[in-house]
Q: 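If you scroll down you'll find the structure; I have some questions about it.
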Amino acid sequence: MKKYIFILLFVMTGVLSGCDSYLDTEFSRGKDANEAIQNVDNANTALQGTYSLFYDYRFAGNFAMTLSDIPTDISYWNQQTGHMNGIYEYATDDNDTYLYYIWDYGYKIVSNATRLINQGDDLAKNLSSASDKATLNGYLAQAHGLRAFANLYMVNYFAHQYKVNGQDFGKEPGIVISDATIQPYDTVHRATIAESYAFIVKDLKTALDLFNNGADEPAEKVYLTKPAIEGLLARTYLYMEDWANAKSYAEAALKDGDIDLNKGLAHTKADYAALYQSTGSNNESFFYLSIDDTHNFSANAAGNIWNTYSYSPSPKLQRLYASTDCRDTLIAWDVAVSSSTPTVPYYAGGKYGATKNGVNGVAYETNYLINAPEMFLIIAEADIKQGNLSGAQENLFQVARRNTAIKSVADLPQTLDGLYSFLKDERARELFQEGHRLWDLRRWGDKVSVVAYGAPNVKFNYTDYQISDLVYPIPNAEINAHFGVEQNEGWAKTFPKK
């Protein structure tokens, strides 16, 4: 972390007038980062720069989201390219490029957000205009949300899972957290996992308090709005196994996100496919990245991982979809472009593979990060854990009815154990390509099979792997900086062995 915190130049972008403006970036009007925020416009500039870092392909734009699906039971690598294969095969080390960038960009986001928060708080004390205060507080709410989001990604990647089927690992090493801007050459230390999560929750609740007390809320979902913050808080409490709060905030996200419970989620093939046709086309989403045919990461786009770079849904996942499931409309193969075969499959991109004007757009498909279906699944899991069978069925049905053979809660399992098993598969079906599977497998504590091979059959290099033990290494470059961050002891022993 220390080797990345220097005097920073904030990214100059347009104001919040257009949903894509933050991607039209260029560096200009550099200022000492410790003195940069002297008015509301400066605060907006700093916020846009922080979003730009968050949205980068080295963080939420690809690596931080994609890597948490790759090494699991629902992904398949056809071995034709070498992207992320070290992660997939559990053959990586503390010099892994992808892990390095998640750490690097994660702390760049945290550093920029912290500077904005601290200097913005000081600026707010001197503002006389109520309108300016509301605008500034809206920026600060989003900064707290971005810092929390980055920290949540990083504590998942670089620490043990907080809770594993009731077992508490909160005293294990977490990540570096601080309310203050950490200066170059300061010595730091890792907080515990419990302290790291408490810091994340504090940031998210501060963001909500600001929105609830008159802060301007962004009009567009490419920015962190109130329901997005509530959804992220629900996800955080899910990982903490705080079932009551997970359910409460998921319900709040659905309510504030204006999800029509009478209409429900898309459950026809046409309506489901329409969710992934263009930037912002997913009306079930609360927060997404503004990626399109003019603002994209080209070869580094997440969509290319699920197409050109050889990854696809594993044979196991494919068999979880019934023929009556509208989501199988995205299980398609790139026969024309890459000569996909059953033994060497090339995926057509799935949620990143919408076709516009006859052109497959895997390089510019939008990443949807916080979505309504996840909230229904969180509520259902919380209800299962609290013994509320009927409540769990009702909420799980909202998502499960994407399989049109499931016409009512009577078609769902009628016991808590049966429903819990169904929910685990439903999270795989619904959340594939959204970066949840690794954290789900770790927190459930189930033994799993990983490193699939031999398509179209279901074969795995490792079976009965206790994936909840998995801890990735802190990047070696950080450890060698000698500013106090300690390595995860014995991380290599947590990888599967034959």
Side-chain angles (χ1 to χ4, degrees), residues 54 59-60 64-65 68 102 106 109-110 113 117 141-172 174-177 179 191-212 224-257 285-287 368-383 385-386 427 431 434-444 468:
F54 180 83
F59 204 73
M65 187 174 75
S68 45
I102 292 171
I109 296 159
V110 168
I117 290 165
Q142 294 171 73
H144 281 284
L146 288 169
R147 185 168 70 177
F149 216 142
N151 279 329
L152 185 61
Y153 271 128
M154 288 193 294
V155 75
N156 277 352
Y157 274 107
F158 300 110
H160 199 285
Q161 198 74 26
Y162 188 175
K163 296 286 182 71
V164 178
N165 194 24
Q167 188 174 0
D168 192 330
F169 292 88
K171 294 182 180 179
E172 297 291 319
I175 55 175
V176 178
I177 57 173
D179 272 323
T192 67
I193 295 172
E195 290 168 339
S196 302
Y197 266 81
F199 192 77
I200 292 164
V201 168
K202 177 184 175 183
D203 260 338
L204 294 173
K205 287 191 172 181
T206 299
L208 285 184
D209 285 344
L210 287 165
F211 281 137
N212 287 332
L224 283 169
T225 60
K226 183 179 176 182
I229 296 292
E230 291 165 333
L232 187 57
L233 196 47
R235 184 187 300 175
T236 303
Y237 277 124
L238 179 75
Y239 297 159
M240 298 170 70
E241 294 188 357
D242 184 337
W243 309 116
N245 273 316
K247 177 179 178 177
S248 176
Y249 283 104
E251 289 175 334
L254 292 170
K255 179 178 180 294
D256 292 333
S285 184
F286 303 137
F287 179 51
Y368 293 97
L369 298 181
I370 303 176
N371 308 312
E374 181 194 355
M375 300 302 109
F376 286 115
L377 293 170
I378 288 173
I379 297 167
E381 186 168 352
D383 277 336
K385 289 297 185 177
Q386 295 178 107
R427 283 185 68 92
L431 302 178
E434 294 180 23
H436 296 272
R437 188 62 173 176
L438 181 56
W439 322 131
D440 282 348
L441 294 176
R442 292 204 314 179
R443 66 187 179 82
W444 290 330
S468 60

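Side-chain atoms are counted along with the backbone in the values below, which use heavy atoms only and exclude waters and symmetry mates. For reference, positions follow the sequence shown, starting with 1.
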Q: Check the angle between the aromatic planes of F287 and F149 and answer parallel, tilted or perpendicular using the 30° and 60° thresholds.
A: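 Judged by the thresholds at 30° and 60°, the geometry between F287 and F149 is tilted.
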Q: Looking only at heavy atoms, which two atoms of I370 and G231 are closest? And how far apart?
A: CG2-CA, 4.1 Å
Q: Donor-acceptor pair, distance only, cut-off 3.5 Å: does the side chain of E195 make one with the backbone of T192?
A: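 Confirmed, E195 side chain pairs with T192 backbone.
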Q: Are any of the side-chain nitrogens in K202 or D209 under 4.0 Å away from the carboxylate oxygens of its partner?
A: no
Q: Does R443 reach the main-chain N or O of E241 with its side chain, forming a donor-acceptor pair under 3.5 Å?
A: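 No; judged by distance alone, with no hydrogens or angles, the pair does not exist.
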Q: So which atom in A250 and which in A234 form the shortest heavy-atom distance, rounded to 0.1 Å?
A: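 Taking every non-hydrogen atom into account, N-CB, 3.4 Å.
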Q: Indicate the atoms forming the closest heavy-atom contact of S196 with A191, along with that distance.
A: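 What the structure gives for the nearest pair is OG-CB, 4.1 Å.
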Q: For residues M240 and N245, determine if any side-chain heavy atom of one lies less than 4.5 Å from a side-chain heavy atom of the other.
A: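 A side-chain contact is absent here, since even the closest heavy-atom pair is not under 4.5 Å.
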Q: Here's a test for you: under side-chain contact (heavy atoms from CB on, under 4.5 Å), which of D203, I200, L208 qualifies with L233?
A: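 Answer after filtering D203, I200, L208: L208.
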Q: With rounding to the nearest 0.5 angstrom, report the CD1 to CG distance, I229 to L224.
A: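 If I round to the nearest 0.5 Å, the distance is 4.5 Å.
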Q: Supply the atom-to-atom distance L232 CG to L152 CG, rounded to the nearest 0.5 angstrom.
A: 6.0 Å
Q: Does any part of the side chain of Y237, heavy atoms only, come nearer than 4.5 Å to the side chain of K247, both counted from C-beta?
A: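 Side chain of K247 against side chain of Y237, heavy atoms only: no contact under 4.5 Å found.
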Q: Rounded at 0.5 Å granularity, tell me how far CH2 in W243 sits from CD in Q386.
A: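 Output value for this atom pair is 9.0 Å.
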Q: Set out, in order, the CA-CA distance, both residues' side-chain angles and the distance that settles side chain to side chain contact (heavy atoms under 4.5 Å, CB included) for V164 and W444, then state yes or no.
A: CA-CA 6 Å; V164 178; W444 290 330; over 6 Å; no
Q: Could you measure the distance from the OG atom of S68 to the NE2 atom of H436? Nearest 0.5 Å is fine.
A: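 If we round to the nearest 0.5 Å, S68:OG and H436:NE2 are 8.0 Å apart.
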Q: Taking it one step at a time, do D179 and F199 satisfy side chain to side chain contact (heavy atoms under 4.5 Å, CB included)?
A: CA-CA 9 Å; D179 272 323; F199 192 77; 3.3 Å; yes
Q: Would you list the pairs meeting salt bridge (Lys or Arg N to Asp or Glu O under 4.0 Å) in which at least one residue belongs to residues 149-169, sequence neighbours left out?
A: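 Residue pairs with at least one partner in residues 149-169: there are none.
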Q: Quick one: does N156's side chain get under 4.5 Å of Q161's, heavy atoms only?
A: yes
Q: Test your reading of the model: is there a side-chain donor-acceptor pair from H160 to the backbone of S468, 3.5 Å cut-off?
A: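 Yes.
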Q: Check whether any side-chain heavy atom of E230 lies under 4.5 Å from a side-chain heavy atom of L254, and answer yes or no.
A: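 Contact flag for E230/L254 side chains = no.
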Q: Looking at side-chain heavy atoms only, is the closest gap between L431 and L377 below 4.5 Å?
A: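 In contact.
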Q: Working to the nearest 0.5 angstrom, can you tell me the gap between Y162 OH and D242 CG?
A: 9.5 Å
Q: Measuring only between side-chain heavy atoms, which start at C-beta, is L441 closer than 4.5 Å to R427?
A: no
Q: Check whether any side-chain heavy atom of E374 lies under 4.5 Å from a side-chain heavy atom of F286, and answer yes or no.
A: no
Q: Hey, does the side chain of Y249 reach the backbone of R235 with a donor-acceptor pair shorter than 3.5 angstrom?
A: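 A pair under 3.5 Å: no.
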Q: Taking the side chain as every heavy atom from C-beta outward, state whether Y197 and N151 have any atom pair closer than 4.5 Å.
A: no
Q: Which atom names give the shortest non-hydrogen contact between I109 and F54, and what distance separates them?
A: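 That would be CD1-CA, 3.5 Å.
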Q: Can you tell me how far apart CZ (R147) and CD1 (I177) are? Round to the nearest 0.5 Å.
A: 9.5 Å
Q: For G145 and A207, work out which heavy atoms get closest and say how close.
A: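 Of all heavy-atom pairs spanning G145 and A207, the closest is N-CB, 4.4 Å.
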Q: Should the ring pair W439 and Y157 be called parallel, tilted or perpendicular, given that the plane angle runs from 0 to 90° and is split at 30 and 60?
A: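 Ring orientation, 0 to 90° scale: perpendicular.
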Q: What pair of heavy atoms forms the shortest contact from A64 to I102, and how long is it?
A: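 Between these two residues, the closest heavy atoms are CA-CD1, 3.8 Å.
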